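What follows is a single structure, written as structure tokens, with notes after it.
Keep in mind it's a predicted model, so treat the numbers as computed, not measured.
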Amino acid sequence: MTRGKFITFEGGEGTGKSTQAAMLALRLESCGLGAQLTREPGGSPGAEIIRHVLLSGAAKPLGADVEAMLFAAARDDHVQCTILPALRSGKWVVCDRFADSTRVYQGILGQVDQKLINVLERVSVGELAPDLTVILDLPVQVGLERARLRRGDAEADRFEGEGAAFHEKLRDAYLAIAARDPDRCVVIDAAATKEIVANAIWQVVQSRLHPPAVRRLDEAATAKA
């Protein structure tokens with residue numbers, strides 16, 4: 001069985017990560033590929049419990065170090081229970097957030113020591129790395145307004161509730177990650193309609209990862225010509 005590909009989505013609040021991850025998973029399935037859509041924090045039974053603790057803000061008083069440890073615990077369960085089994089079965093895994101989020105939110109913004117971040121990642125992720133990371137980029141105020149409209153009357157979660165300066169640093173941190181690792185990361189302008197953004201993402205997936213079902217369709221079209 002050929003190992004599947006691992007695609008992660010990253011970016012600030014309101015950039016459309018969940019929407020675009022779901023659209024990509026559906027597109028992969030339409031090409032005859034098995035796709036596993038998942039998310040962080042969460043994506044497995046144990047990790048979903050920790051997700052509630054993290055996003056409710058219950059862990060915030062304990063500090064960024066503890067938050068980083070909780071994210072790592074959730075990620076370990078997620079990797080072992082969901083991501084690795086899906087990849088080994090040949091599925092393409094599409095994940096809404098992964099290790100880059102901890103590097104940015106807790107490492108850069110929370111000022112957790114980089115040595116601790118590295119140790120937690122080594123324990124929870126090991127040798128697993130995304131084949132492609134899509135970083136969705138938006139001006140901060142646009143993203144925050146989208147997030148506000150999305151949640152309606154609900155309370156802002158632990159991270160949406162932070163101030164604009166926090167989110168500006170968040171955006172800069174993601175762009176810095178993309179600049180340091182261009183072979184893995186691609187930055188997509190998320191300001192357009194979701195359909196236009198989805199098409200831009202699909203073009204990158206095709207050019208970088210060459211989905212086998214797409215390649216077969218391309219070959220068939222060439223043969224007919």
Side-chain angles (χ1 to χ4, degrees), residues 1-45 47-48 51 55 74-75 77-101 128-138 142-143 146-147 149-152 154 157 160 174 178 184-222 224:
M1 176 67 69
T2 302
R3 177 190 180 277
K5 299 294 186 181
F6 184 26
I7 303 171
T8 59
F9 279 77
E10 298 283 358
E13 307 302 326
T15 53
K17 297 177 299 300
S18 300
T19 297
Q20 292 301 328
M23 291 176 75
L24 177 59
L26 285 173
R27 200 158 196 171
L28 289 167
E29 289 177 344
S30 74
C31 292
L33 293 168
Q36 174 75 54
L37 177 64
T38 189
R39 68 177 182 177
E40 288 207 350
S44 62
E48 287 293 334
R51 176 187 177 89
L55 298 189
R75 181 163 299 126
D77 192 69
H78 185 210
V79 167
Q80 297 302 323
C81 296
T82 303
I83 296 175
L84 286 179
L87 290 173
R88 289 166 180 158
S89 72
K91 289 184 178 180
W92 286 46
V93 176
V94 180
C95 189
D96 178 1
R97 293 198 182 283
F98 194 59
D100 288 313
S101 285
L128 177 65
D131 297 290
L132 173 67
T133 296
V134 177
I135 297 176
L136 297 176
D137 182 55
L138 268 181
V142 175
R146 284 187 179 182
L149 293 173
R150 179 188 62 207
R151 68 176 178 267
D157 72 24
E160 289 175 353
Y174 272 121
R184 173 175 66 90
C185 301
V186 61
V187 178
I188 298 289
D189 183 356
T193 66
K194 64 181 181 181
E195 291 79 14
I196 291 174
V197 175
N199 285 335
I201 293 168
W202 184 239
Q203 289 176 8
V204 172
V205 170
Q206 286 181 284
S207 64
R208 294 199 180 194
L209 302 184
H210 311 293
V214 173
R215 189 159 61 241
R216 285 197 297 271
L217 289 173
D218 291 342
E219 290 168 355
T222 301
K224 287 181 180 178

Any chance you could measure [X], atom [atom1], to [Y], atom [atom2], to the nearest 0.5 Å?
| X | Y | atom1 | atom2 | answer |
| --- | --- | --- | --- | --- |
| T38 | F6 | OG1 | CZ | 8.5 Å |
| L24 | I7 | CG | CD1 | 5.0 Å |
| R208 | Q203 | CZ | CD | 12.5 Å |
| S89 | L84 | OG | CG | 11.0 Å |
| N199 | I188 | CG | CD1 | 11.0 Å |
| F9 | T133 | CZ | OG1 | 10.0 Å |

Less than 4.5 Å apart, any side-chain heavy atom of [X] and any of [Y]?
| X | Y | value |
| --- | --- | --- |
| M23 | I201 | no |
| V79 | F98 | yes |
| Y174 | T15 | no |
| K5 | L28 | no |
| R3 | D131 | yes |
| L87 | L128 | yes |
| Q20 | V197 | yes |
| W92 | V205 | yes |

Nearest atoms (heavy-atom pairs only) where [X] meets [Y]:
| X | Y | result |
| --- | --- | --- |
| A190 | L136 | CB-CB, 4.1 Å |
| A198 | R27 | O-NH1, 3.8 Å |
| T82 | G43 | OG1-O, 2.6 Å |
| D77 | A47 | OD2-N, 3.4 Å |
| G14 | L138 | O-CD1, 3.5 Å |
| A25 | L37 | CB-CB, 4.1 Å |

*asked:* Which residue is it: R51, R97, H78? I am looking for the one with a side chain to side chain donor-acceptor pair (under 3.5 Å) to E40.
replied: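 Testing E40 for a side chain to side chain donor-acceptor pair (under 3.5 Å) against R51, R97, H78 leaves exactly one candidate, H78.
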*Take R39 and E48 through the salt bridge (charged side-chain N to carboxylate O under 4.0 Å, His left out) test and state the conclusion after the steps.*
CA-CA 9 Å; R39 68 177 182 177; E48 287 293 334; 2.8 Å; yes
_Flag, side chain of K17 to backbone of G12, donor-acceptor distance under 3.5 Å_ =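 Yes; judged by distance alone, with no hydrogens or angles, the pair exists.
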